[in-house]
Amino acid sequence: MSQIQSIRGMGDILPPDSAAWQALESLLRDLLISYGYEEIRVPLVERTELFQRSIGEVTDIVEKEMYTFEDRNGLSLTLRPEITAGIVRAGISNGMLHNQRQKLWSSGPVFRYEKPQKGRYRQFHQFDVEALGFEGPDVDAELIIITNRIWKALGIDAIELELNSLGTPESRVRYRQALTDYFEPRQDELDKDSQDRLHRNPMRILDSKNPEMKSLIADAPLITDYLDPASQEHFSMLCELLDQAGIPYRLNPRLVRGLDYYTRTVFEWVTDRLGSQGAVCSGGRYDGLIEQLGGKATPAIGWAFGVERLLDLYRESGGASPRADRDIYVVAVGDSVLQPAFKLVEQLRDARPKLKVEMNCGGGSFKSQMKRADRSGATLALILGEQEIASQSVGIKPLREDVGQINVDWSSLNAALHDYFDMKTNLN
Ligand code: AMP
């Protein structure tokens, strides 16, 4: 029979790689909790309309990349292409935003029908942080400071912050007009995509990667020249806060981001270590989105990074992959040994719940079980054969140092393990 293939661009996360994911997830969880952010979990599937109205009809994501289908009732649903829209929808529909502020984080898979390559997948994973109800720029600075702390904690320094402000919707209207006025007489120099966008969403043209349009785009008007005074002040206060925090950034007036809902602050962390997929983390303010989705006008800002890309960058920066090592591997040779071995091991787990103990399952000779013990990465093998059962004792064999086996009585096993594990933090 033919094998069933996985879907292109949708990978499996396998051990031992999954240990690195777990370590990253737990580091992030602890860090975000320490900053006072709370976890929110929202569905992977939402009404298509949510993404059309939030991300914007004239964006790559909505035009080309969404996994959209009808359910059995004919309702149009979409696998989430990002997490922000779902969080905002949840905030509104659960009444979390009425005269309240929320600092939230979430993580999980997102789906985009992009052309898969290294660092670009169709199912990938985002970590997402949102601060709802804050006008900033203090919270803008905090969100960036958090990202900076994450890179530091992972030993990543090949990463740069690009920063820009998009102003208010009103100042953007003026800027869009300036762009239209600039591109209209040069329509012949635009590629087909950009011609399409000229009247629907001219800011998208600035996102184009087409090398033939590079110099045309380089000479286009800068958004910075169209900012309203309040946005200008908001932006310069953010810059000052970042200066004080010692976080370097590069002002990039061409950074407009691929999603429609952004206002004022936008930023992106980029690296040159990951080839063409250099965008690691991006975020920005979306002060109009909540009202646009039917809630009360509420300022908000958030960021998201792709876990795959961050882990790639971590490895590229020399970060070691943690292994899911065991502390103990239990070698139990002979059928009659199994019952008392299980009993002893379960007692050990009761006494030491944090010890990582793997029981040999699937039988095997002493030699083959010892090989498995070695491969498991365990510090010790506990050895139980018929002789040990008869004398109510257990063999302890250190696997990572060149010392011989000792035998102890079952009653003194717990005490004997102190010698090997007391210094380890994972014990109580
Ligand atoms: P975006 O929502 O497009 O701003 O993306 C946020 C982050 O998700 C990016 O900075 C990347 O780290 C990551 N990302 C975006 N698209 C992909 C993809 N197709 N595959 C893997 N990671 C992605």
Side-chain angles (χ1 to χ4, degrees), residues 7-13 17 21 24 28 42 44 46 50-51 54-56 58-67 78-88 105-130 143-144 146-148 150-151 154 156 158-164 166 203-204 206-209 252 254-262 265-286 289 300-317:
I7 297 168
R8 202 159 110 82
M10 301 200 182
D12 302 305
I13 298 160
D17 230 23
W21 282 70
L24 179 66
L28 292 165
V42 293
L44 298 191
E46 298 273 0
L50 172 66
F51 303 114
S54 57
I55 297 170
V58 192
T59 55
D60 279 352
I61 293 181
V62 171
E63 282 184 336
K64 308 183 209 161
E65 296 172 0
M66 296 207 302
Y67 281 88
T78 293
L79 299 184
R80 64 179 185 191
E82 52 112 55
I83 307 183
T84 308
I87 294 180
V88 169
W105 66 272
S106 195
S107 70
V110 298
F111 306 85
R112 293 185 195 172
Y113 194 81
E114 290 194 85
K115 201 162 172 223
Q117 62 180 79
K118 172 111 185 87
R120 190 163 75 199
Y121 310 101
R122 289 181 173 171
Q123 174 176 320
F124 60 100
H125 297 76
Q126 283 189 341
F127 236 93
D128 184 284
V129 173
E130 311 289 342
L143 284 192
I144 293 175
I146 293 174
T147 52
N148 191 59
I150 296 170
W151 321 146
L154 295 171
I156 293 173
I159 190 162
E160 273 196 341
L161 176 62
E162 297 198 348
L163 197 60
N164 192 21
L166 301 181
M203 280 170 69
R204 284 282 75 71
L206 303 178
D207 264 351
S208 167
K209 302 276 182 302
N252 177 1
R254 287 281 173 249
L255 183 68
V256 293
R257 310 279 304 111
L259 288 70
D260 261 5
Y261 52 57
Y262 287 112
T265 311
V266 287
F267 61 91
E268 197 156 271
W269 285 93
V270 294
T271 180
D272 57 8
R273 299 283 175 90
L274 297 179
S276 54
Q277 307 307 317
V280 178
C281 172
S282 54
R285 196 159 260 294
Y286 49 91
L289 180 61
I301 178 168
W303 55 247
F305 66 76
V307 179
E308 287 83 356
R309 282 192 204 168
L310 187 65
L311 282 173
D312 282 346
L313 183 57
Y314 170 71
R315 292 190 194 101
E316 195 60 38
S317 312

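Keep in mind that the numbers below use all heavy atoms, side chains included, and drop hydrogens, waters and symmetry copies. Numbering of ligands and ligand atoms starts at 1, following listing order.
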*Element-labelled atoms of ligand 1 that are located less than 4.0 Å from some non-hydrogen atom of Q126*: 2 (O), 5 (O), 6 (C), 7 (C), 8 (O)
*Relative to the ring of Y67, is the ring of F111 parallel (under 30°), tilted (30 to 60°) or perpendicular (over 60°)?*
perpendicular
*Partners passing ring-ring contact (aromatic ring centres under 6.0 Å, His included) against F51 (at least two apart in sequence or in another chain)*: none
*asked:* According to salt bridge (Lys or Arg N to Asp or Glu O under 4.0 Å), who are the partners of E308, at least two apart in sequence or on a separate chain?
replied: none
*Side chains of S276 and Q117: is there a donor and an acceptor less than 3.5 Å apart?*
yes
*Does E308 reach ligand 1 with a nitrogen or oxygen that is under 3.5 Å from one of the ligand's nitrogen or oxygen atoms?*
no
*Check ligand 1 against A279 and write out every atom of the ligand that is under 4.0 Å from a heavy-atom position of the residue.*
9 (C), 10 (O), 11 (C), 12 (O)
*Any N/O of V280 closer than 3.5 Å to an N/O of ligand 1?*
yes
_Backbone or side-chain N or O of F305 under 3.5 Å from ligand 1 N or O_ = no
*Donor-acceptor pair between Q277 and Y121 side chains, under 3.5 angstrom*: no
*W303-W269 aromatic ring centre distance below 6.0 Å*: no
*Where the closest heavy atom to atom 7 (C) of ligand 1 is concerned, which of G306, P81, G119 has it?*
G306
*Which is it for Q277 and ligand 1 at heavy atoms under 4.0 Å: side chain, backbone, both or neither?*
neither
*Backbone, side chain, both or neither: what part of E82 comes under 4.0 angstrom of ligand 1, heavy atoms only?*
neither
